[in-house]
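See structure below.
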Amino acid sequence: MTSRSRVLAAALSATFLLTACNAGSTSDDPTDGENNVTGGADNGDSTGGTGGTAAPGDDAVRIGLVAEPASLDFTTTDGAAIPQVLLYNVYESLVKVDQSGEIVPALASAWEVSEDGKTYTFTLEQGVTFSNGEEFTAEDVVSSFEAVQNDWTVSLKSQFDIIESIEATSDTEVVVTLASPSNSFLYSLTTRVGAIFDSNSVDELATRPIGTGPYTFGEWNRGSSITLQRNSDYWGEEPYFDQVELAYFSDANALNNAMLTDSIDVVGTVQAPEALSEFEGGDYQIIEGTTNGEVVLSFNNETEPFNDLQVRQAARHAIDHQALLDTCWDGRGTLIGSMVPPTDPWYEDRTGDYPYDVEAAKALLAEAGAEGAEVRLRIPTLPYATACAPIVESMLEEAGFAVTIDDLEFPAAWIEDVFTNADYEMSIVSHVEPRDLKAVLGNPDYYIRYGTPELRTLLDEADAGTEEVQIEKMKEAAKLVSEDAASDFLFLLPNLIVADPGITGLPENAITESFDLSQLAGE
């Protein structure tokens with residue numbers, strides 16, 4: 001098969017997943033092997049009720065997705081698929097991120113920060129209940145946050161290492177004290193680590209999610225779909241639809257055909273951008289926005305040949321990023337040049353740091369004595385990776401690298417070999433965690449094996465400083481990561497959605513971990 005044929009075949013047939021590389025754990029789900037999981041009778045009435053400016057509908061909306069969760073418990077299982085479904089929809093947090101990128105109230109109606117930046121006092125919404133009827137109080141916040149510190153097993157738990165104490169000063173007030181000021185703390189509460197659980201149902205997270213959100217967990221038909229029911233006892237604006245069905249597809253053609261034959265109402269993530277032509281000019285709305293999904297050409301900075309700066313620089317010069325984007329992702333997406341998307345306050349366009357220059361790449365390899373350096377490009381079996389890998393291979397070989405593509409089944413093989421064991425020289429994966437420069441590149445034990453003392457110092461200064469200092473130091477950190485060629489940054493994935501024209505409230509930008517369903521409605 002030619003490289004071009006391989007690109008097209010991969011783009012049209014493989015399973016697409018926007019995956020956070022924090023997806024390193026395997027599932028401890030006790031229900032593995034079962035076909036169905038249901039939420040039980042205490043998940044709320046799925047019919048009736050009114051709320052907001054429009055009366056809730058009496059029907060369902062069907063959304064086609066990929067990357068079905070391995071478990072429903074994101075305290076023990078990494079990956080983007082679980083919070084995509086549950087965060088903001090079933091589980092709520094004290095604060096959340098809206099479509100503009102602003103932090104706004106959720107379960108906390110207000111909050112105050114002490115003058116020294118170390119104490120956060122949250123005032124909680126009153127009259128809130130979990131879907132099992134239990135009252136939401138400050139004690140649930142305390143138990144949820146302490147569980148992150150003590151019981152969670154996934155890598156994201158480290159975001160709460162800075163918490164010194166958590167105290168419920170009343171049923172409606174929580175005081176969190178940090179060991180030092182942290183600009184990132186409040187933002188971290190908008191992610192899955194900030195999810196609030198009913199303290200009496202945490203033993204059933206993998207099969208029976210209980211939250212305060214606008215939807216309740218209905219049923220999980222493994223390999224097929226997850227349904228969420230409207231929470232008629234929701235404390236906020238009641239959802240429009242009675243039911244949301246999240247239907248999972250492993251084949252791009254099947255997903256497209258489901259939309260074309262009215263089996264679903266929304267393609268939540270377009271599998272191959274060139275497939276949009278099937279919907280253009282028809283009775284569909286096409287939404288194109290942005291994401292946090294940096295598609296990274298990861299270098300293993302710990303092993304040869306990428307423990308040599310000149311070799312890393314050569315690889316960056318060897319990639320024609322615009323040609324790659326045009327060929328493997330239909331030109332849709334954004335070139336960024338570092339590990340910061342344009343929606344972050346400290347974004348700077350760093351695409352000029354290593355312009356495409358094959359001769360410069362060859363010279364750098366020669367100076368490093370690394371002509372013909374043999375590297376394995378070990379990629380997950382995900383469409384953006386399999387589509388882009390042959391192009392990356394060709395460009396690197398033109399510069400003097402000897403590249404072997406090694407397709408690894410995702411998630412099992414890639415997570416074991418690349419993410420966990422760092423048995424690779426190069427890989428291609430999309431990192432979708434918001435504001436993840438520190439998580440991906442600031443940790444020397446992470447699979448990229450970077451995390452230099454200089455970078456960690458900049459990140460610490462950014463977190464502890466004023467807002468102005470944070471922006472300044474984060475820009476310096478992004479510049480350092482780029483100039484040191486810690487990895488190459490191929491492009492930022494677009495958010496592409498196809499939907500029936502009557503569906504409103506779909507997220508234009510995928511800039512949180514959640515596919516936020518709370519604003520969905522019909523005309």
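All values below were derived from every heavy atom in this structure, side-chain atoms included, with hydrogens, water molecules and symmetry-related copies excluded.
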Legend entry - Summary of salt bridge (Lys or Arg N to Asp or Glu O under 4.0 Å) pairs that have at least one residue in residues 376-392, sequence neighbours excluded: Arg376-Asp423, Arg376-Glu425, Arg378-Asp406, Arg378-Asp417, Arg378-Asp423

Inset, instruction - Could I get the full list of side chain to side chain contact (heavy atoms under 4.5 Å, CB included) partners for Lys118, not counting sequence neighbours? - result: Asp116, Pro181

Legend entry - Check: Thr343 and Asn292 side chains under 4.5 Å, non-hydrogen atoms: yes

Inset, instruction - Please state whether the rings of Trp152 and Phe74 are parallel, tilted or perpendicular, taking 30° and 60° as the class boundaries. - result: tilted

Legend entry - Student check: side-chain heavy atoms of Trp329 and Thr327 closer than 4.5 Å: no

Legend entry - Atom CD of Glu454 with >12 non-hydrogen neighbours under 6.0 angstrom: no

Legend entry - Between SG on residue Cys388 and CD1 on residue Ile319, distance to nearest 0.5 Å: 10.0 Å

Inset, instruction - Please identify each residue that fulfils side chain to side chain contact (heavy atoms under 4.5 Å, CB included) with Asp98, with sequence neighbours left out. - result: Ser100, Glu102, Val104

Legend entry - side chain to side chain donor-acceptor pair (under 3.5 Å) contacts in which one or both residues fall within residues 470-480, not counting sequence neighbours: Glu461-Lys473

Inset, instruction - Not counting sequence neighbours, which residues clear side chain to side chain contact (heavy atoms under 4.5 Å, CB included) with Ser482? List them please. - result: Arg316, Ser338, Arg350, Asp353

Inset, instruction - List the atom of Arg435, the atom of Pro345, and the distance in Å for their closest heavy-atom pair. - result: NH2-CD, 3.5 Å

Inset, instruction - Just jot down the side chain to side chain contact (heavy atoms under 4.5 Å, CB included) partners of Tyr356, sequence neighbours excluded, or say none. - result: Asp320, Val358, Glu398

Legend entry - By salt bridge (Lys or Arg N to Asp or Glu O under 4.0 Å) - contacts of Glu92 (at least two apart): none

Inset, instruction - Give the ring-plane orientation class for Phe279 versus Tyr284, where under 30° counts as parallel, over 60° as perpendicular and anything between as tilted. - result: perpendicular

Legend entry - Expected output: side-chain Asn421 to main-chain Glu416 donor-acceptor under 3.5 Å: yes

Legend entry - Pair Ser514-Thr512, side-chain donor/acceptor within less than 3.5 Å: no

Inset, instruction - Give a yes or no answer on whether the side chain of Thr381 reaches the backbone of Phe410 with a donor-acceptor pair at less than 3.5 Å. - result: yes

Inset, instruction - Check whether any side-chain N or O of Asn183 sits under 3.5 Å from a backbone N or O of Asp463 as a donor-acceptor pair, and report yes or no. - result: yes

Legend entry - Any donor-acceptor N or O pair under 3.5 Å, side chains Thr75, Asp73: yes

Legend entry - Gap between atom CG of Leu107 and atom CD of Glu125 - 0.5 Å precision: 7.5 Å

Inset, instruction - Search all heavy atoms of Ser188 against all heavy atoms of Val193 and return the closest pair with its distance. - result: O-CG2, 3.2 Å

Legend entry - Lys96: partners by salt bridge (Lys or Arg N to Asp or Glu O under 4.0 Å), with sequence neighbours left out: Asp516

Legend entry - Expected output: side-chain Thr291 to main-chain Leu493 donor-acceptor under 3.5 Å: yes

Legend entry - Any residue meeting salt bridge (Lys or Arg N to Asp or Glu O under 4.0 Å) with Asp265, in chain and number order, not counting sequence neighbours: Arg62

Inset, instruction - Verify whether one side chain among Glu112 and Tyr120 offers a donor that lies under 3.5 Å from an acceptor in the other. - result: no

Legend entry - Which atom of Gly400 lies closest to which atom of Leu365, heavy atoms considered: C-CD1, 3.8 Å

Legend entry - Exercise: identify the closest heavy-atom pair between Tyr248 and Pro69: OH-CD, 3.6 Å

Inset, instruction - Side-chain contact test, heavy atoms from C-beta onward, threshold under 4.5 Å: evaluate it for Glu433 versus Glu513 and give yes or no. - result: yes

Legend entry - Pairs where residues 321-336 contributes a residue and the test salt bridge (Lys or Arg N to Asp or Glu O under 4.0 Å) is met, not counting sequence neighbours: Glu280-Arg332, Glu288-Arg332, Asp330-Arg332

Inset, instruction - Kindly write out the residues that satisfy salt bridge (Lys or Arg N to Asp or Glu O under 4.0 Å) with Asp500, not counting sequence neighbours, or none if the list is empty. - result: none

Inset, instruction - For Phe299, check ring-ring contact (aromatic ring centres under 6.0 Å, His included) against everything at least two apart and list the hits. - result: Phe306

Inset, instruction - Quick one: pull up CG in Leu377 and OG in Ser427 and give me the separation to the nearest 0.5 Å. - result: 6.5 Å

Legend entry - Any donor-acceptor pair under 3.5 Å from Asp407 side chain to Ile379 backbone: no

Inset, instruction - Would you please classify the geometry between the Trp414 ring and the Tyr447 ring as parallel, tilted or perpendicular, with 30° and 60° separating the classes? - result: perpendicular

Legend entry - N/O donor-acceptor pair under 3.5 Å between Ser144 side chain and Phe197 backbone: yes

Inset, instruction - First locate atom CD1 of Ile226, then atom CG of Asn89, and finally report the distance between them rounded to the nearest 0.5 Å. - result: 11.0 Å

